[in-house]
Amino acid sequence: MAGRLAGKTAVVTGGGAGIGQEIARRLASEGADIAVADVNPADETRELVAETGRRFFSDKVDISDQDAIHRFAARVRSELGAADILVNNAAVVLLADIDHVTLDDWRRTFAVNVDGAFLASKAFLPDLKESGSGRIVNITSSSYWTPPPPFVSYVSAKGALNGFTSVLAANLAAHNITVNGVAASLVRTAAAAANTSEAFFDQTVRIQNIKRVQMPADVSGVVAFLASDDAAFITGQIIVADGGSTRR
Ligand SMILES: NC(=O)c1ccc[n+]([C@@H]2O[C@H](COP(=O)([O-])OP(=O)(O)OC[C@H]3O[C@@H](n4cnc5c(N)ncnc54)[C@H](O)[C@@H]3O)[C@@H](O)[C@H]2O)c1
């Protein structure tokens with residue numbers, strides 16, 4: 001049986017590792033060709049996508065760089081065809097409270113996590129319009145609503161991304177492009193493990209209804225659904241996939 005995303009081209013920013021890598025693998029397993037923009041090499045993702053038989057293209061791109069993301073969009077178009085799906089996943093996670101966060105930290109977080117999503121959405125907009133059923137999925141975080149960890153720039157940037165999701169959905173509905181977000185809890189990725197402690201994983205599990213650590217596949221399945229025709233009438237929503245931590 002053809003997958004739900006057969007014939008589609010999906011772009012995943014930050015798809016070289018962690019949740020983005022699993023999203024790329026999952027979208028490919030449902031039939032999409034995959035393009036990854038990452039500041040780091042995406043060789044492991046290339047191998048995972050190859051196992052699905054789908055086509056893959058990646059380039060070293062800093063998504064906060066407007067020219068670089070536009071060059072990337074042009075290359076994706078010539079390598080794989082016009083994009084149908086854009087997943088704004090790339091982010092930097094700077095964990096500092098108000099006493100320790102610097103203006104540079106704040107600006108870098110917003111440059112990647114917010115400007116990056118804005119620039120990628122602008123760069124791929126002609127493709128998504130051409131698609132006729134374009135999809136944008138923004139990866140956000142339940143830390144915006146839960147008892148906040150003291151990550152001033154990160155949580156604030158995710159709040160901005162939530163707002164961007166809402167307003168873009170209204171702007172693009174006339175082009176049959178849906179725009180949604182997926183808000184994850186604390187997900188076990190190498191980056192999350194390096195940035196936090198096992199005690200923080202335990203504390204997060206305690207505030208979830210579902211008493212296990214969230215895994216990247218708990219996010220990628222929701223992204224695949226939102227990217228598919230099954231979600232054609234869902235737009236402007238943040239799907240909170242957080243084990244219930246915001247519903248206790
Ligand atoms: N891991 C978690 O606990 C968690 C929880 C909620 C939300 N999220 C969100 O999920 C997404 C992925 O998180 P992750 O844990 O997989 O992180 P990660 O660090 O493992 O992956 C992020 C990827 O983005 C790339 N990247 C960073 N800056 C970039 C830039 N300027 N341009 C292009 N690529 C860049 C990195 O190289 C990396 O491959 C992020 O948006 C994050 O905020 C993560």
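Both counts, for ligands and for their atoms, begin at 1 and track the order of listing. Numbers for residues simply follow the sequence, beginning at 1.
Of the candidates V182, V12, V187, the one placing a heavy atom closest to atom 3 (O) of ligand 1 is V187. Taking only non-hydrogen atoms, the option from T204, D38, T45, I63 nearest to atom 37 (O) of ligand 1 is D38.
Across all their heavy atoms, L27 and V87 have their closest contact at CD1-CG2, 4.1 Å. When all heavy atoms of T45 and G15 are compared, the pair lying nearest together is OG1-O, 2.7 Å.
Listed by chain and residue number, nothing satisfies the ring pair (Phe, Tyr, Trp, His ring centres under 6.0 Å) test with F164 (two or more places apart in sequence, or in another chain).
Of all protein heavy atoms, the one closest to atom 31 (N) of ligand 1 is D62 OD1, 2.9 Å. What sits closest to atom 7 (C) of ligand 1 on the protein, heavy atoms only, is T140 O, 3.2 Å. Protein heavy atom in closest approach to atom 24 (O) of ligand 1: G14 CA, 3.3 Å. For atom 34 (N) of ligand 1, the nearest non-hydrogen atom of the protein is V39 N, 3.4 Å. Nearest protein heavy-atom contact of atom 18 (P) of ligand 1 is A191 CB, 3.7 Å. A17 O, 4.1 Å is the protein heavy atom nearest to atom 21 (O) of ligand 1. For atom 14 (P) of ligand 1, the closest non-hydrogen atom on the protein side is T189 OG1, 4.0 Å. At the shortest separation from atom 42 (C) of ligand 1 among protein heavy atoms lies Y154 OH, 3.4 Å.
Atoms OG and CD1, on S166 and I238 in that order, are 8.0 Å from each other to the nearest 0.5 Å.
Look at V61 and you'll find a heavy atom under 4.0 Å from some atom of ligand 1. Look at K60 and you'll find every heavy atom at least 4.0 Å from all atoms of ligand 1. Proximity of N88 to ligand 1 is not established, as no heavy-atom distance is less than 4.0 Å.
Atoms of ligand 1 found under 4.0 Å from any heavy atom of L186, numbered from 1 in the order shown, are 3 (O). Those atoms of ligand 1 with a heavy atom of A90 less than 4.0 angstrom away are 24 (O), 34 (N), 35 (C). Contact atoms of ligand 1 toward A192: 1 (N), 3 (O) (distance under 4.0 Å to a heavy atom of the residue).
No more than 12 heavy-atom neighbours from other residues, nucleotides or ligands sit within 6.0 angstrom of CD1 on I210. By the neighbour-count criterion of 12 heavy atoms within 6.0 Å, atom OH of Y144 is sparsely surrounded, having that number or fewer from other residues, nucleotides or ligands. Heavy-atom neighbours of L103 CG from other residues, nucleotides or ligands within 6.0 Å: above the threshold of 12.
With a heavy-atom cut-off of 4.0 Å, K158 touches ligand 1 through its side chain alone. Residue T13 does not touch ligand 1, judged by heavy-atom distances below 4.0 Å. Counting heavy atoms under 4.0 Å from ligand 1, residue N113 does not touch it at all. Only the side chain of V112 comes within contact range of ligand 1, with a heavy atom under 4.0 Å; no backbone atom does. Within the 4.0 Å heavy-atom criterion, both parts of A91, backbone and side chain, lie near ligand 1. With a heavy-atom cut-off of 4.0 Å, S185 touches ligand 1 through its backbone alone. Contacts between M215 and ligand 1, counted as non-hydrogen atom pairs separated by less than 4.0 Å, are absent for every part of the residue.
Between S64 and ligand 1, no N or O atom pair is found at a separation short of 3.5 Å. For the pair I19 and ligand 1, the shortest N or O to N or O distance falls below 3.5 Å. At a 3.5 angstrom cut-off on N or O pairs, N89 counts as close to ligand 1. Not a single N or O atom of S141, backbone or side chain, sits closer than 3.5 Å to an N or O atom of ligand 1. In terms of polar-atom proximity, A184 is not counted as a contact of ligand 1, lacking any N or O under 3.5 Å from an N or O of the ligand.
Between the T13 side chain and the A90 main chain, a donor and an acceptor come within less than 3.5 Å of each other. Between the side chain of R135 and the backbone N or O of L86, no donor-acceptor pair lies under 3.5 Å.
N138 and T140 form no side-chain donor-acceptor contact under 3.5 Å, judged by distance and modelled atom types alone. Donor-acceptor pairing under 3.5 Å is recorded for the side chains of S121 and N88.
Ring-plane geometry between F57 and F72 is classed as parallel, the angle between the planes falling under 30 degrees on a 0 to 90 degree scale with a further cut at 60.
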Taking it one step at a time, do R26 and D218 satisfy salt bridge (Lys or Arg N to Asp or Glu O under 4.0 Å)?
-> CA-CA 11 Å; R26 175 63 187 256; D218 295 314; over 6 Å; no
